[in-house]
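Given the structure is predicted, the values throughout are model-derived calculations rather than measurements. As a basis for the values below, the full set of heavy atoms in this structure was taken, side chains included, without hydrogen atoms, waters or symmetry mates.
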Amino acid sequence: MGASFVAHVLFLLWFFATTFSFFLKAESNVSCNEKDKQALLNFKQCLSDPQMLSSWSDQEDCSKWGGVVYDNKTGRVTELHLNEHIGQVTGLSEIRGSLLQLEHLNYLDLSRNDFNCTPIPTFLGSMASLTHLDLSYSNFSGHIPHQLGNLSNLRYLDLEGNYYLYADNFHWMSNLSSIQYLDFSRSKHQSEVGWLHIMSTFPSLSTLIAYECELVNLNPFLGFVNFTSLQHLDLTDNLFNHEIPNWFSNLTTSLLYLDLSRNFLRGEIPPSIFNSLKLKSLDLHSNKLIGKIPESLGQLKHLTDLGLDNNSFSGPIPSSIGNLSSLLGLYLSHNQLNGAIPKTLGLLSNLSDLDVANNFLTGTVDEEHFAKLSNLYDLDISYTHLFFNVKSNWVPPFQLHHITMSSCKIGPNFPMWLKTQRFVEVLDLSKSEIADKAPGWFWNWTSNIERIDLSDNQIEGDVSDIVLNSPIINLRSNHFKGQMPQLSTKVMELHLANNSFSGPISSFMCQKVNIYIDLRVLDVSNNLLTGALPHCWEYWQSLTHLDLGSNDISGRIPYSMGSLVALQSLHLQNNRISGDIPSSLKKCSDLSLIDIGENPLSGAIPPWIGEMTSLTILRLSSNGFKGHIPLQICQLSSLIVLDLANNSLSGHIPTCLKNISAMTIPTPRFEDQYSYKMEADYGSYGTYHENLKLVPKGMELEYEENLAFVKIIDLSSNKLSGSIPSEISVLSELCFLNLSRNQLIGKIPKKIGIMKKLESIDLSQNHLSGEIPLSLSSLTFLSHLNLSYNNLSGKIPLGTQLQTFDALSYIGNPQLCGNPLPRNCTIGEEYQNRTPIGKTEEDSNNSNFYIGMGVGFAVGFWAVCGVLFFNRTWRHAYFKFFDDVKDWVYVTIVLNVNWLLEKLRSCHL
């Protein structure tokens, strides 16, 4: 009986389960609504490339179409996920009818497509069922249509990345009462000032993202903002130029993420922000904030990221930072923090990124600071005054990937703890006072490191048998010796300058191990390399920057150097290279810098150099070049440095130098033309700065990061003759002009004073004559002047500038007088070149103009009056004409007055 009952129960359960599953299956097989299907097919036909939705076929049910979600109970389409699926869209008018037929659509994602800079279609505001609308990065333009405000059910709106989109106002948003997520980043809303008031009226808004929107006002004087649900606020990269408002105190109970970075916010951080106890991320980097970081920071126990870098915070790092047990990233670099790093920092067991670089921190960093930092990934304590003092047998608890300790004291001993780090990608120990031999294990240990910088130390070692493997290697300014090391194919940038490497340069360049590598930058300047330049340059065609300067290299420049077609800068200065410049170099059309000064090169400067239109720096000084300066040099319109000093050049200074437009156009303020970032698969870790030695003010100076702002012409110590061309005054942006020690005659150009940027003028040891131009006294930037040993005469012009130089600037001109020379001027000399203080040559030109005008008036006056005086007939006709004019004027006035009076009387009647 019991068994039979159980059997019946099991049968009934099976029956009901089978029946229920049948109905479920039947229910799930509801096909896509035919009306919606046709609407979607019409939508597809509106696309410029319908094949992008190839799964949308009339033969298939739309439930199987990509990007389509439908309700399996009703068969109606509810969601369209078409991000990056439809390509370029042009037929918006046709799309309108298609989408409006999808009456149950609540989710529409058209992001990352190309709507060809058309406005956002207004019909979207009629799709009342929408709760999710994503139009980000879709190349819409124009103003945001107010019709979107009709979508009262909308909870998610993303308009990010439509760069030509703007809002004339945000009042239309006031009806979006259900909005929870709002992102209108990377569109322009600079004219909108009431945005904050509108946003604060949304009771459910939890995420507001508006970075790069040109917003200008956070209403700092507003006392209260009703963001009751706001958790994520990102206002990065806007134009806020005021203090952080106090209304942030209203967000302390809900806010989780706050990003106000890259604005112009100033003042101190409001204390209320540190009462936001739920805060997980606080990013205020790249503002103008000041004051101390308060101890109350330790209350934010849920904080995972703290970005206060690139501000002006001062004082010590608070010891309460050890309470931030959830902290992953701590970024305090580029401030004015001082004092020691608190040892409580060592309690942050979750910390992965620690960046305190570029501060005034002092004291010792030892093992205790890293006691529990087992997850540390990135350590940057560079450009501080810290002393990294750990035991030689210290085994750190972490495995670092980035080690940046430039300009910290680590030495004198080589840091042996590095051997324990197995995953290092970047190692920067430059300027760290290491004075030790690199241990044998070190070079094998570095084989997988992407960037190594040990420059500006006193590290010793012979690397002749070492194979360097890192893409970017900087060992400059150390005590390395021996022959050049071998390179792997991974090396892209190699800096070995200022060491003691020796041996023939050809043994390095032409050995089979080193050929066919992808080296871009090779700097081995200021070493002891010898021998002739090799002939195997065809194996180094990836080179963009080559510096072999200040060695003992001899021979001629080989013709094969023309195969370096990617070369942008060539330094061969201060060697023993002879012969002429080979014509093959003109194949290097990208060359912007040529420095082959201080060599015994000879011959003429080749005219084809004018074909190298990319050239901006040409330094051929201290060679044996002869002949004339080729006129083709004037075709180098981008030239900013022309240094041909200390040669045997003859002839005249070309008047066409005025065509060098780079010396007439201001250099952009932030131009960094001579710094090159080295891009690779691992990122842009390397930066190469060009350097050049010039003699701008009578002494040799080395230019590096400021090279782009130097504009100089140096033709000194040659055999140039003729006069200084007056056309040179057109070069209004020229900073340094040196024409000394030549055979120039004539006068100094009168308009030299319009070259307002001149800082240095050296015209000494020539045969110049005449007076010093008055306009020279108006050069306010002039700090170096040498006119000595010429035949100048007259009085030194008075002004605020020329009397500040000592007598040596004018010595050797017997006929010159006046302050600062001891020879006083005679009365005749005083009046010969006299001008009031502050006057210039332009004032003298104005005086000549007024004198000429007076003479002209007198001549014209007597030419007319004299004729009338001596010719009676003309005189009578002249006065009769004026009598007739007088009578006509009188009659006209009387008639018009009478007419006006009659008019007024009729109006009164």
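Using a 3.5 Å distance cut-off with no hydrogens or angles, the side chains of Ser382 and Ser407 do not pair a donor with an acceptor. Side chains of Glu425 and His401: a donor on one and an acceptor on the other come within 3.5 Å. Side-chain atoms of Ser320 and Glu295 include a donor-acceptor pair closer than 3.5 Å. For the residue pair His369/Glu367, the side-chain donor-acceptor check at 3.5 Å is not satisfied. Residues Asp259 and Thr236 bring a donor and an acceptor atom of their side chains to less than 3.5 Å of each other. If you check the side chains of Asn413 and Ser392, you find no donor sitting under 3.5 Å from an acceptor. At a cut-off of 3.5 Å, with distance as the only test, no side-chain donor of Ser111 or Asn83 sits close to an acceptor on the other residue. The closest side-chain donor-acceptor pair between Ser488 and Asn469 falls under 3.5 angstrom. Using modelled atom types and a 3.5 Å distance limit, the side chains of Asp366 and Thr364 yield no donor-acceptor pair.
Side-chain contact check for Leu345 versus Leu354: some heavy-atom pair is nearer than 4.5 Å. At least one side-chain heavy atom of Phe248 sits less than 4.5 Å from a side-chain heavy atom of Leu260. At a threshold of 4.5 Å between non-hydrogen side-chain atoms, the residues Thr304 and Leu327 do not count as touching. A heavy-atom distance below 4.5 Å is not found between the side chains of Ile244 and Phe240. Residues Glu79 and Leu108 are not in side-chain contact: their nearest non-hydrogen atoms beyond the backbone lie 4.5 Å or more apart. For the pair Leu496 and Asp523, the minimum side-chain heavy-atom distance is 4.5 Å or more. Asn217 places none of its side-chain heavy atoms less than 4.5 Å from the side chain of Leu196. A 4.5 Å side-chain heavy-atom check between Leu418 and Ile403 finds at least one atom pair inside the cut-off.
Crowding of Tyr164 atom OH: a count of heavy atoms from other residues, nucleotides or ligands under 6.0 Å not exceeding 12.
To the nearest 0.5 Å, atom CE of residue Met492 and atom CG of residue Leu487 are 13.0 Å apart. Between Leu328 atom CG and Leu376 atom CG the span is 11.5 Å, to the nearest 0.5 Å. Rounded to the nearest 0.5 Å, atoms OG1 (Thr207) and CD (Gln180) are 9.0 Å apart. Separating the CG atom in Leu348 from the CD1 atom in Ile321 is a distance of 6.5 Å, to the nearest 0.5 Å. Distance check, rounded to the nearest 0.5 Å: OG of Ser326 to NZ of Lys301 gives 9.5 Å.
Residue Leu300 comes nearest to Leu324 through the heavy atom pair O-CD2, 3.1 Å, listed as atom of the first residue, atom of the second, then distance. Across all their heavy atoms, Leu429 and Met405 have their closest contact at CD2-CB, 4.0 Å. The shortest heavy-atom contact between Asn287 and Ser261 is ND2-CA, 3.9 Å. Of all heavy-atom pairs between Tyr331 and Asp353, the closest is OH-OD2, 2.8 Å. Closest approach of Leu251 and Trp247 over heavy atoms only: CD1-CZ3, 4.1 Å. Contact between Cys408 and Ile381 at its shortest, heavy atoms only, is SG-O, 2.7 Å.
Side-chain rings of Phe184 and Phe170 approach one another, their centers coming within less than 6.0 Å. A distance below 6.0 Å separates the ring centres of Trp417 and Phe388. Not less than 6.0 angstrom separates the ring centroid of Tyr107 from the ring centroid of Tyr156. Less than 6.0 angstrom separates the ring centroid of Phe370 from the ring centroid of Phe398.
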Practice task
Please report the C-alpha distance between Leu205 and Ser229 in whole Å, then the side-chain angles of each, then the deciding distance to 0.1 Å, and finally whether the side chain to side chain contact (heavy atoms under 4.5 Å, CB included) criterion is met.
Solution key: CA-CA 6 Å; Leu205 187 63; Ser229 304; 6.0 Å; no
Exercise for the section: Decide yes or no on side chain to side chain contact (heavy atoms under 4.5 Å, CB included) for Ile293 and Leu308, but give the supporting numbers first. Expected result: CA-CA 9 Å; Ile293 303 174; Leu308 302 180; 3.9 Å; yes
Practice task
Mind running salt bridge (charged side-chain N to carboxylate O under 4.0 Å, His left out) on Glu433 and Lys409 for me, showing each step along the way?
Solution key: CA-CA 6 Å; Glu433 301 184 28; Lys409 179 175 172 52; 3.5 Å; yes
Exercise for the section: Take Leu494 and Leu475 through the test side chain to side chain contact (heavy atoms under 4.5 Å, CB included) and record every step on the way to the result. Expected result: CA-CA 8 Å; Leu494 180 62; Leu475 305 180; 5.8 Å; no
Practice task
Please step through side chain to side chain contact (heavy atoms under 4.5 Å, CB included) for the pair Leu289 and Glu268, ending with a clear verdict.
Solution key: CA-CA 6 Å; Leu289 300 171; Glu268 299 186 5; over 6 Å; no
Handout entry: Derivation and outcome, side chain to side chain donor-acceptor pair (under 3.5 Å), residues Asp453 and Ser406
Key = CA-CA 9 Å; Asp453 191 346; Ser406 178; over 6 Å; no
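Between Leu332 and the options Asp309, Asn310, Asn311, Leu337, a side chain to side chain contact (heavy atoms under 4.5 Å, CB included) holds for only Leu337. Paired with His232 under the rule ring-ring contact (aromatic ring centres under 6.0 Å, His included), one option of Tyr257, Tyr181, Phe227 passes, and it is Tyr257.
The pair Asp518-Lys490 does not count as a salt bridge, with every side-chain nitrogen at least 4.0 angstrom from each carboxylate oxygen. A salt bridge does not link Asp305 to Lys280: none of the charged nitrogens lies less than 4.0 Å from a carboxylate oxygen. With respect to Glu368 and Lys343, a salt bridge is recorded, a charged nitrogen being found less than 4.0 Å from a carboxylate O. A salt bridge is absent between Glu160 and Arg186: the closest approach of a Lys/Arg side-chain nitrogen to an acidic carboxylate oxygen does not fall below 4.0 angstrom.
By the 30° and 60° cut-offs, the orientation of the rings of His402 relative to Tyr377 is tilted. Taking the six-membered ring where tryptophan is involved, the planes of Trp441 and Trp445 are perpendicular, since the angle between them exceeds 60° and thus also 30°.
For the pair Ser178 (side chain) and Arg155 (backbone), a donor-acceptor distance under 3.5 Å is absent. When atom types are taken as modelled, the side chain of Asp456 and the backbone of Ser430 share no donor-acceptor pair closer than 3.5 angstrom. For the pair Ser276 (side chain) and Leu256 (backbone), a donor-acceptor distance under 3.5 Å is absent. With hydrogens and angles disregarded, a donor-acceptor distance shorter than 3.5 Å links the side chain of Asn478 to the backbone of Ile459. Under the 3.5 Å distance criterion, the side-chain polar atoms of Asn162 are matched with a main-chain donor or acceptor of Leu135. Judged by distance alone, the side chain of Asn474 and the main-chain N or O of Arg476 form a donor-acceptor pair under 3.5 Å. A donor-acceptor pair is defined here as one N or O able to donate and one able to accept, closer than 3.5 Å; no such pair exists between the side chain of Asn448 and the backbone of Glu450. Looking only at distances, no side-chain donor or acceptor of Asn359 sits under 3.5 Å from a matching main-chain atom of Leu361.
Within the structure, no pair that satisfies the ring pair (Phe, Tyr, Trp, His ring centres under 6.0 Å) test touches residues 277-317, not counting sequence neighbours.
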